[in-house]
Amino acid sequence: MDERQARLETLAPHLAEELTGKKEKRQRELPALESAEEGVVMRFAPNPSGPLHLGHARAAVLNDYYVRRYGGRYLLRIEDTDPRRVDPDAYQMVQEDVEWLGLGITDIIYQSDRLEIYYEHGRRLIGIGGAYICTCDAGYFRDLKLARKSCPCRGNTVEENLDLWERMLGGEFSEGAITMRVKTELEHPDPALRDFSAFRIVSSPIHPRIDAAVYPLMNFSVAVDDHLLGITHVIRGKDHIANTRRQKYIFDYFGWKMPAYLHYGRMSISGLVLSTSGMREGIGEGRFSGWDDIRLGTLRAIARRGIRAEAVRMAVLDIGIGATDISFSWENLYARNKEIIDPVANRYSFVPDPVAVAVGDAPVPVVAEAALHPNDPARGTRRLVFEGTVLVSGHDLEGHGMVRLKDLFNASVAWDGSDPVLTYAGESLADARKAKAPIIQWLPAGAAIPCILHMPESPEAMIVTGCCEPGVAGEVGTVVQFERIGFARIESAGADGVVAYFAHR
RNA sequence: GCUGCUAUAGUGUAGGGGCCAAUCAUGUCGGCCUUUCACGCCGACGACUGGGGUUCGAAUCCCCAUAGCAGCACCA
């Protein structure tokens, strides 16, 4: 029986796991989507105002999950219909982030390419009496709306509206002077659903991709696109519930069938600004070094710390599509990431705030062979050659009469004032255990390189300076585990040493 | 103010009338393993917002209250 299990493990690890009921037990199924058996068409529709962050990841991964599950198309729709909220660099950044996340995108659509389509549908909506052109002041209209009263423009004839629409497109009006409104119900109990805007004029800034002044508002362009692109299911945040209801008016006017909607709850992340504008402000003020500052919740920031896209994906699927407001927990993401990282990360020593201490009475030299990974001896070892003096953290010595220098030997600890004094105390690991000596990491004084470890703890990034093994320089771009410290991604290794970003314990 | 969504352990989730003195993950604590305070293994801890109602029976259905969140933009 065990033999069978062992054979299966070598032949088909995944099947073996299923047999033992290990692993794979998670990744629970999310609820089924209604009428999705024939496949789905879904979309991820970010606004190109900055790079993607964890909030985006939820929408992106949830939609991706269902497209993978049912098959179909997954559209990346760039919603760039507000020139004020377009960052030209974001087009590229969003693309990179989508790639990093590993989304199964099948089509890319830019709304800025589709203005004529929106104009044409705007014209048609006026033609069927579903919209009117309004030249009222926004504040004035708002007051009327809250009082359930119609504005003077609501009574325009179709001809008057069409005429105003062409003049609006022709540039006869300035920003704020005119808007197209969808005619809904002024008596509607929810003020949010009364005669909302569909088009407006934006004269500055100029759009990076197109020359235009009349732009559709989100509810109009989204409704038109969702229909024209054949979207079958929409998963988005519950802040869009009112928008879904608004968009229903447009679908109904045109006689279109609405997609199925799912609205998940609001997600907050403790001690983190997740809004693009908030982050941009912090960067502008110099509080953050850039979009990839490791204290930020952008995907590029967490990637820089060595958090894998797959961990983000798992964490998002664990959260699911519930409508409850939740606070995202770093702990849960870290746990997922550790599952991925721990088996592959090589182990190294990092000594924070190192002090050089000669070890009295020690034989010289002593070669320590430390496994690159304790659970995978095949990966080999690192050689640390002791030649009389070690670098250790004074902190590790405090309160102990003896320590075990990992993979080396025991040393008794004494103090000369505030200076530690180490004396060779034999090789016996058993002795160390008997003396309850902690096993601490160390480095040969002559073969250690400087290392700066950046911690993401907000609000201020903390920097831990220390030394690490020379071998770490060969791990640039990968994640290692600094023993007794935690996992970190090696950012760079140069003449002035190694720079690493801390991921988690 | 008006409208809507939600409410299970520290966090995230499962459960949608009896199988629930409530699932799983994470976390914390204890133990085992271990030349890392990692991984792995074992065990423990810890929750149905409150009040009414329906019912033989409610975490599950209804109502009210409370709380959180969202919308009421010529943003998405």
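Just so it is clear, the values below take in all heavy atoms, side chains as well, and ignore hydrogens, waters and symmetry mates.
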Query raised in the report: On the ring face of Trp330(A), is Arg305(A) found with NZ or CZ under 6.0 Å from the centre and within 45° of the axis?
Result: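 Arg305(A) over Trp330(A) ring: yes.
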
Report summary line: Expected string for nucleotides 9-17 of chain B under the B/S/- scheme (protein heavy atoms, under 4.0 Å, primed atoms plus P, OP1, OP2 as sugar-phosphate) is -BBSSS---

Would you please confirm or rule out a distance under 4.0 Å between OP1 or OP2 of [N] and any side-chain N or O of [X]?
{"X": "Arg336(A)", "N": "A25(B)", "value": "no"}
{"X": "Lys338(A)", "N": "U26(B)", "value": "no"}
{"X": "Arg181(A)", "N": "C74(B)", "value": "yes"}

Query raised in the report: Sequence neighbours excluded, which residues qualify as salt bridge (charged side-chain N to carboxylate O under 4.0 Å, His left out) partners of Glu166(A)?
Result: Arg123(A)

Query raised in the report: Whole Å only: how far is the CG atom of Asn243(A) from the P atom of G71(B)?
Result: 9 Å

Requested in this report: Take atom P in U11(B) and the same atom in U49(B), then report the distance between them in whole Å.
Outcome: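 Here U11(B) and U49(B) have their P atoms 13 Å from each other.
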
Query raised in the report: Distance between the C1' atoms of G71(B) and U13(B), in whole angstroms?
Result: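 Those two atoms are separated by 27 Å.
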
Query raised in the report: Which word best sums up how the rings of Phe409(A) and Tyr424(A) line up, parallel for under 30°, tilted for 30 to 60°, or perpendicular for over 60°?
Result: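 Rings of Phe409(A) and Tyr424(A): perpendicular, as their planes differ by over 60°.
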
Requested in this report: Determine the contact category for Gln481(A): base if any of its heavy atoms lies under 4.0 Å from a base atom, sugar-phosphate if only primed atoms, P, OP1 or OP2 are that close, otherwise nothing.
Outcome: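 Result for Gln481(A) = base.
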
Query raised in the report: Per the atom types in the model, does the base of C69(B) pair as donor or acceptor with the side chain of Lys238(A) at under 3.5 Å?
Result: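 Donor-acceptor pair under 3.5 Å: yes.
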
Query - Nucleotide pairing, RNA chain B (Watson-Crick or G-U, distances under 3.5 Å), in dot-bracket with [ ] and | - result: (((((((..(((.....[.....)))((((((.......))))))...(((((..]....))))))))))))....

